[in-house]
Each structure stands twice: as structure tokens, then as C-alpha cells.
Amino acid sequence: MSNKNIDWSKLDFSYIKTDKRYVSDFKNGAWDEGRLTEDANVVINECAGVLQYAQTVFEGLKAYRTQDGRIVTFRPDLNAKRMEESAKRLQMPIFPENRFIDAVEQVVAANADFVPPYGSGATMYLRPYLFGTNPVIGVKPADEYQFRVFATPVGPYFKGGAKPITLRVCDFDRAAPHGTGHIKAGLNYAMSMYAIVDAHNQGYDENMYLDSATRTKVEETGGANFIFITKDGKLVTPKSNTILPSVTRRSLCYVAKEYLGMDVEEREVFLEELKDFAECGLCGTAAVISPVGKIVDHGKEIALPSGMESFGPITKKLYDTLTGIQMGRLEAPEGWIHEIKV
Ligand code: PLP
Ligand code: COI
């Protein structure tokens, strides 16, 4: 199926340069028609808005090879809409939804040989992003922007694949200091670099961020939302307007209800109640569902009953159902699967 000679089963979540990427420039108040290019380098002025004041937003979605050999993406319209919200918050021009989807289609089709085979454990990660390109020295938005999409085949986000991970309750805030935690902006992620390196140095896989106002409520991790399963089989997920509105999480809430007949609660989740949950998982495009086995709160260990060896049973069922929909083993809800014509 592929002529790229990649050992798909060995991939981790790293960048691999693929053949073509999409570029469109915004100048004099309008987007140009856009194009595919083989040039993976971006050359911009030393004073570009993105370099000085981090005026950049991004998205993340995947292309999947289905059981019957098609290539599909999952709900790309939601990524386009979320990028629109992110761009508005950073005073950037909107890249229209239909053009966002067209750009994704073009990049996937142009790099179809890099879409890992069905069942390989790898997928193609797509990274749309938008940044200010012209010189800006006073604190104000740029006038010129570039929108790009590149593709890279990836394996599991966390080393060890389905092995449960360990989190630590984090004392740092991940959101930039302007309440932008609910959008996907570069600065939010830059703000998490210290915390993630510190967590890794101390032997943890990721950080559990808390609400910065009271430090009593669970928010999300550096790159994924939380889902919890109660002892009576309910799905609970934190309600907060300072976390990223995850496409995976929104999809899982629907899948839990409509496919698995579960009760679903989106509500505040307190640090204090972690010890009462039966299972915990991180959900996101990159994380898919990554099981959490242990959470350490300032030396106090909270061991999830599902343990450190494998997925909890309900988390596993959610994982199988979601990936079943994404890879064509199960019928998808209307509009979720976007087929790419190659
Ligand atoms: N939260 C953060 C901070 C993320 O970076 C991501 C990944 O995009 C998510 C949550 C999950 O969002 P999604 O399911 O849309 O990928
Ligand atoms: C994603 O899941 O798409 C993410 O953006 C997570 C991480 C790679 C930042």
C-alpha cells in the first residue's frame, strides 16, 4: 500500500518530513488562492509578529486508513471552527472553513503514501497553523499572515502505547496569563514547557493542571482533556471554559451515550474526588484515549483501580468504539467521516 519504506509499527509522535504541504498568504486584507509546495522551510522577517509576540494558532487532526483501504479524516469541520475561535481571540484573520477542509484534502491526497496502513498502529497527523508574518514592533496584531498545513505519520503520543501513564498534580498554570486556555494558541503551549520538562525529570508522564483561581478543580493535561469513569459506569468529564474544547472528548461523550448507553456528566471535577473514580483516561487527537494508572498529588498517590498494566474495561470499550468509527469498522454518525479522494 505504501512505497515509503517506513516501519510504521516503530513510529512515535515525531515529525517526519512528507512530500507536500499547503501554504496560503494573507496580504492587503485577503487570502491568496493557496498552493502546495515541496518547500518545508518558512522564511520570515526577523521582526515578524509570530516571533516577537507569539501571534500564532494551530490545530491538530488525523487522516486514517480504513479497514477497506479508503483514507478519511475525522470531523475536520470542528477543527476549522475551533481555529476560527482561536484566530479571533488573537486578532488574526479567519481562514474559511471550506478552504481549511480543501487544504487538508490537498495535503492528505498529495502525501497519500505516508498514510500508514490500517492496523499498523500509526496514523497521519495533520497540523494546520496560522501566524503573523510582517514586522511588528509595537504590541499590535500583524497585517500579514500565513496559513499552512503539513502532514506527518505518527505512532502513539505516549511511549508504551496502551500502557497506563502516571500524572502529577501540577503547581504551574499552563494557560497564558490572559485567559486563553480554551483556544489552541502557541503561547499556551510555550507556557507549559517548563512544567512538562519538570514533570518528566521527576518521572511523570504528564501534568494534571488545576483551575488557577481555586486550585481545587481538574482542568486538563498539556495536550489532552480528561475523562473519568465512576464506579457505577458513568462518564464524567471536567466542565471548564479554560480548557481546550476537545473534538475527541465531544465525540466520546456522544459515543458513550448513543453507542454504549452510558450516562455522561460534564461538570466540575474536584481534586478531592479523584480517589473515587474507577478509571481515568486522557483524550485527544494525539492521545486518542491514553489510560491513566496513577495520579500523584504532592506525594500522595492515587492509584486508579484499573491499575498500571492495561486499560480499564470501560475506557477500552470507548477506545474500541471511537477508533472503530474512525477506521471504518463501525458505522459513523452523520457527517463525522470525511473521505479523501486520492
Ligand atoms: N487539550 C489540549 C491542551 C490539547 O492540546 C488537545 C489536542 O489538541 C486536546 C485537549 C484534545 O483536543 P482534540 O480532541 O480536539 O485533539
Ligand atoms: C493534538 O492532539 O492534536 C494536540 O495538539 C496535542 C499535542 C500534540 C499538542
Side-chain angles (χ1 to χ4, degrees), residues 11-16 56-64 73-86 89 100 104 122-130 149-159 165 167 170 172-176 179-193 195-197 199-200 205-212 218-227 237-256 266 269 280-290 292 318-319 322-323 325-326 336 338:
L11 291 182
D12 59 11
F13 199 83
S14 307
Y15 172 78
I16 292 175
T56 174
V57 299
F58 67 101
E59 269 305 324
L61 69 162
K62 281 177 170 173
Y64 306 88
T73 56
F74 183 69
R75 311 186 79 180
D77 51 315
L78 298 188
N79 295 94
K81 290 191 177 86
R82 190 171 62 191
M83 192 177 216
E84 185 172 330
E85 292 309 308
S86 299
R89 183 62 178 79
F100 180 104
V104 163
T123 50
M124 172 179 272
Y125 187 71
L126 301 164
R127 174 53 63 89
Y129 57 118
L130 166 62
V149 184
F150 69 78
T152 177
V154 294
Y157 191 67
F158 293 103
K159 287 182 187 66
I165 57 169
L167 309 180
C170 185
F172 304 104
D173 288 330
R174 88 166 252 286
T180 53
H182 61 294
I183 64 169
K184 217 163 155 57
L187 188 55
N188 293 341
Y189 293 78
M191 290 293 284
S192 74
M193 296 300 166
I196 191 67
V197 171
H200 288 165
D205 297 295
E206 249 289 9
N207 290 300
M208 169 180 272
Y209 291 101
L210 303 179
D211 74 297
S212 56
V218 174
E219 293 258 289
E220 62 176 337
T221 66
N225 280 181
F226 277 109
I227 55 167
T237 189
K239 187 181 179 71
S240 162
N241 59 10
T242 50
I243 63 176
L244 194 76
S246 157
V247 172
T248 314
R249 170 174 87 168
R250 282 179 265 168
S251 305
L252 282 171
C253 287
Y254 183 89
V255 161
E266 188 188 352
V269 174
C280 171
L282 305 187
C283 71
T285 299
V288 193
I289 302 182
S290 300
V292 175
L318 284 163
Y319 177 93
L322 177 71
T323 55
I325 291 169
Q326 290 167 333
W336 280 24
H338 186 87

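Counting convention: from 1, in listed order, for ligands and their atoms alike.
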[X] side, atom [atom1]; [Y] side, atom [atom2] - distance, nearest 0.5 Å:
X	Y	atom1	atom2	result
Arg75	Arg82	CZ	CZ	11.5 Å
Leu61	Met83	CG	CE	10.5 Å
Thr180	Arg89	OG1	CZ	6.0 Å

**OP:** Would you mind running through ligand 2 and noting each atom that sits below 4.0 Å from a heavy atom of Gly223?
**Re:** 6 (C)
Subject >> Close-contact set for ligand 2 against Phe13 heavy atoms, below 4.0 Å >> reply: 8 (C)
Any side-chain heavy atom of [X] sitting closer than 4.5 Å to one from [Y]?
X	Y	result
Leu126	Lys62	no
Val247	Asn79	yes
Thr248	Val288	no
Trp336	Asp77	no

In the protein, what heavy atom is nearest to [atom], and what distance, to one decimal place, separates them?
atom	answer
atom 5 (O) of ligand 2	Lys184 NZ, 2.6 Å
atom 9 (C) of ligand 2	Tyr189 CE2, 3.8 Å
atom 7 (C) of ligand 2	Tyr157 OH, 4.0 Å
atom 3 (O) of ligand 2	Tyr125 OH, 2.6 Å
atom 2 (O) of ligand 2	Ala286 N, 2.8 Å

Original post:
At the 4.0 Å heavy-atom cut-off, does Glu59 count as touching ligand 2?
Top reply: no
Original post:
If you count only heavy atoms, which residues are under 4.0 Å from ligand 1?
Top reply: Arg82, Arg174, Lys184, Tyr189, Glu220, Thr221, Gly222, Gly223, Ala224, Asn225, Leu244, Ser246, Val247, Thr248, Cys283, Gly284, Thr285
Subject >> Near-ring test Tyr189/Phe58, centroid separation under 6.0 angstrom >> reply: yes
**OP:** With sequence neighbours left out, write down each residue that passes ring pair (Phe, Tyr, Trp, His ring centres under 6.0 Å) with Phe158, or none if nothing qualifies.
**Re:** none
Subject >> Step-by-step ring pair (Phe, Tyr, Trp, His ring centres under 6.0 Å) determination, Phe172 to Tyr209 >> reply: CA-CA 7 Å; Phe172 304 104; Tyr209 291 101; 8.5 Å; no
**OP:** Check each heavy atom of Lys62 against ligand 2 and say whether those closer than 4.0 Å belong to the side chain, the backbone, both or neither.
**Re:** neither
